[in-house]
Amino acid sequence: MKTFATFLFLLFLILKISCYAEDCPTTTTANEDRRSDVENFRLCHFNAKFLFDGNDDPSPSPWQNSTEADKHYENVKELLAPMECDMIHLAEVEDCPMLQRLCDSLGSAYKPYMIHGTDTYTGQNVGIITKIDPETNLTRSTERVWFPVSGNECGYSGEADDYGVSKNLYFKVKVSDLKILVVGAHLRAFPTSPEPCARREAQAVVIRDVIEQQGLSDGYEIIALGDFNDYSDSVEDSSSNVPLSRSLKFMREGYENSTITTSLFNVALKTTQENRYSSWYDRNSNDVDDGGNENTMIDHILVSSGIYEKITRVVEWHEYDIEDPYSSDHWPILVDISTLEESASDSFSLNVSILLTLFLLVFFNF
Ligand SMILES: *[C@@H]1O[C@H](CO)[C@@H](O)[C@H](O)[C@H]1NC(C)=O
Ligand SMILES: *[C@@H]1O[C@H](CO)[C@@H](O)[C@H](O)[C@H]1NC(C)=O
Ligand SMILES: *[C@@H]1O[C@H](CO)[C@@H](O)[C@H](O)[C@H]1NC(C)=O
Ligand SMILES: *[C@@H]1O[C@H](CO)[C@@H](O)[C@H](O)[C@H]1NC(C)=O
Ligand SMILES: [Ca+2]
Ligand SMILES: [Ca+2]
């Protein structure tokens, strides 16, 4: 009897742990494309700041009840609607029902994809809403890496330990003729604090491993994006921050054990320095965005060369009243990627005209 009770209890635990009713990782219509303009792929990223429903939320959420959470939800919806993104990667999401709510508000072409991570303290996850369905089911890396990674200069003097990425996702998708691996993540906060800095380098190794093993090794183009909570090593932000960790470098170029060293490009290279900020930190707590070093670029979109060369526009989207108490403390990033296919019929008609010219030359003995 006791054994049976234990069995039931274990079964209950397993079901509770392994089966979030709210997860939505499964693609049933692989690569289905519901964009209104198939010649452009508009990719966006946004840290929405606790996109939660206000019911039974973890205590770190700033929204005390559903009235407050709903005000924040409306604020986020109004920010995102005019951006008309085809795919939005979102950080700080509660669950699939919240993403579904956003899809219902923004238009029927969107579908949500998310899988719960392991950040039980904040309850936050990364997820996407998209007009093009993934080709593979959404999944996440559970790899853990030892830190400090050799050569670390974060000033960390604690013991070595291993660390993973509690909030990450990846999937493959075909957008027109581009075969892409998308990797999303929300990395450990605080760019220059020694311990988070050292932990974040381990997280960057986990992300780079996904990029190499799931994408580059198969010849896929790469999109790696998210709130990386660190400064870029390759492009200066509006307040000229220099990274203490090698996190962005690892994700872009690889690290000591990389087997594929293909480099990625930060899309912010396409914008001007004064626009390069994605996050507001109210250093002097006056509820005013004083600019300067209150604005930093810690959200990034890294892409492989095949995508980088097709970018027609990058916008660090600052059309947002960030001082509104129900706003996020981040701004979105928008990238337009040309997916105008160099169709076979173009080269065929060119060949036909060449042949015709040759024919005329020969026939009329010019
Ligand atoms: C995706 O997940 C569903 C449901 O678990 C499964 O039936 C399907 O085989 C998976 N697809 C792939 C490509 O793994
Ligand atoms: C929700 O929380 C806010 C802030 O604490 C409070 O002012 C408001 O009265 C609360 N509303 C409800 C319906 O509980
Ligand atoms: C690289 O490989 C070595 C040998 O297996 C290992 O000790 C080290 O931790 C690895 N580095 C990283 C950053 O994983
Ligand atoms: C002619 O057609 C071939 C086969 O489709 C194509 O590979 C080639 O690029 C075309 N040549 C020109 C000049 O368009
Ligand atoms: Ca909730
Ligand atoms: Ca301020």
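Counting convention: from 1, in listed order, for ligands and their atoms alike.
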A.B. asks: Can you tell me, to 10 degrees, how wide the angle at the Ca ion (ligand 6) is between OD1 on Asp282 and OD1 on Asn286?
C.D. replies: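 My answer is 90°, to the nearest 10°.
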A.B. asks: Does Asp218 CG have over 12 foreign heavy atoms under 6.0 Å away?
C.D. replies: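 Count over threshold, so yes.
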A.B. asks: Pick one: which of Leu248, Asp237, Leu264, Leu225 meets side-chain contact (heavy atoms from CB on, under 4.5 Å) with His300?
C.D. replies: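 For His300, the side-chain contact (heavy atoms from CB on, under 4.5 Å) check succeeds only for Leu248.
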A.B. asks: Which residue supplies the protein heavy atom nearest to atom 5 (O) of ligand 1, what is that atom called, and how far is it?
C.D. replies: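 Sorting protein heavy atoms by distance from atom 5 (O) of ligand 1 puts Thr26 OG1, 4.5 Å first.
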A.B. asks: Is there a protein heavy atom less than 4.0 Å away from atom 11 (N) of ligand 1?
C.D. replies: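 It does; a protein heavy atom is within 4.0 Å.
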A.B. asks: Assess whether a salt bridge exists between Asp230 and Arg200, defined as any Lys/Arg side-chain N lying under 4.0 Å from an Asp/Glu carboxylate O.
C.D. replies: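 Salt bridge between Asp230 and Arg200, a charged N being under 4.0 Å from a carboxylate O: yes.
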A.B. asks: With a cut-off of 3.0 Å, does Asp53 put an N/O/S atom close enough to the Ca ion (ligand 5)?
C.D. replies: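 Yes - counting backbone and side chain alike, Asp53 has an N, O or S atom under 3.0 Å.
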A.B. asks: Identify, for atom 6 (C) of ligand 1, the protein heavy atom at the shortest distance, and state residue, atom and that distance.
C.D. replies: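 Scanning the protein heavy atoms, the shortest distance from atom 6 (C) of ligand 1 goes to Asn137 ND2, 4.2 Å.
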A.B. asks: Got a sec: is Asp57 within less than 3.0 Å of the Ca ion (ligand 5) via an N/O/S atom?
C.D. replies: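 Checking Asp57: at least one N, O or S atom is under 3.0 Å.
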A.B. asks: Within a radius of less than 6.0 Å around NZ of Lys249, do more than 12 heavy atoms belonging to other residues, nucleotides or ligands occur?
C.D. replies: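 No, NZ of Lys249 has 12 or fewer neighbouring heavy atoms, counting only those of other groups under 6.0 Å.
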A.B. asks: Could you tell me the angle subtended at the Ca ion (ligand 6) by OD1 of Asn284 and O of Val288, rounded to 10°?
C.D. replies: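 About 160°, to the nearest ten degrees.
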A.B. asks: Is any NZ, NE, NH1 or NH2 atom of the basic residue among Glu274 and Arg276 found under 4.0 Å from an Asp or Glu carboxylate oxygen of the other?
C.D. replies: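 Judged by the 4.0 Å cut-off on N to carboxylate O distance, Glu274 and Arg276 do not form a salt bridge.
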A.B. asks: Could you tell me which N, O or S atom of Asp290 is nearest to the Ca ion (ligand 6)?
C.D. replies: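 So the atom name we want here is OD2.
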A.B. asks: To check you understand the geometry: which heavy-atom pair defines the closest contact between Ala268 and Glu316, and what is its length?
C.D. replies: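 The pair with the smallest heavy-atom distance is CB-OE2, 3.7 Å.
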A.B. asks: Is the distance between the ring centroids of Tyr156 and Phe147 less than 6.0 Å?
C.D. replies: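 Yes, they do, as the ring centres are separated by less than 6.0 Å.
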A.B. asks: Looking at the Ca ion (ligand 5), which N/O/S atom of Glu94 is the nearest one?
C.D. replies: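 The Ca ion (ligand 5) is closest to the Glu94 atom OE2, counting only N, O or S.
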A.B. asks: Kindly indicate whether atom 14 (O) of ligand 1 is approached by any protein heavy atom to under 4.0 angstrom.
C.D. replies: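 Protein heavy atoms within 4.0 Å of atom 14 (O) of ligand 1 - there is at least one.
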A.B. asks: Given 3.5 Å as the limit, does a donor-acceptor pair link the side chain of Arg34 with the main chain of Ala109, or not?
C.D. replies: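 Side chain of Arg34 to backbone of Ala109, a donor-acceptor pair under 3.5 Å: yes, one is there.
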A.B. asks: Does the protein put a heavy atom less than 4.0 Å from atom 3 (C) of ligand 1?
C.D. replies: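 It does: a protein heavy atom is found less than 4.0 Å away from atom 3 (C) of ligand 1.
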A.B. asks: Between the side chains of Arg35 and Asp33, is the shortest nitrogen-to-carboxylate-oxygen separation below 4.0 Å, so that they form an ion pair?
C.D. replies: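 Counted as a salt bridge, because a side-chain N and a carboxylate O are separated by less than 4.0 Å.
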A.B. asks: To make sure I understand the geometry: which N, O or S atom in Glu294 is closest to the Ca ion (ligand 6)?
C.D. replies: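 Glu294's closest N, O or S atom to the Ca ion (ligand 6) is named OE2.
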A.B. asks: State if Thr136 counts as touching ligand 1 under the rule of any non-hydrogen atom under 4.0 Å.
C.D. replies: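 Judged by the 4.0 Å heavy-atom criterion, Thr136 does not count as contacting ligand 1.
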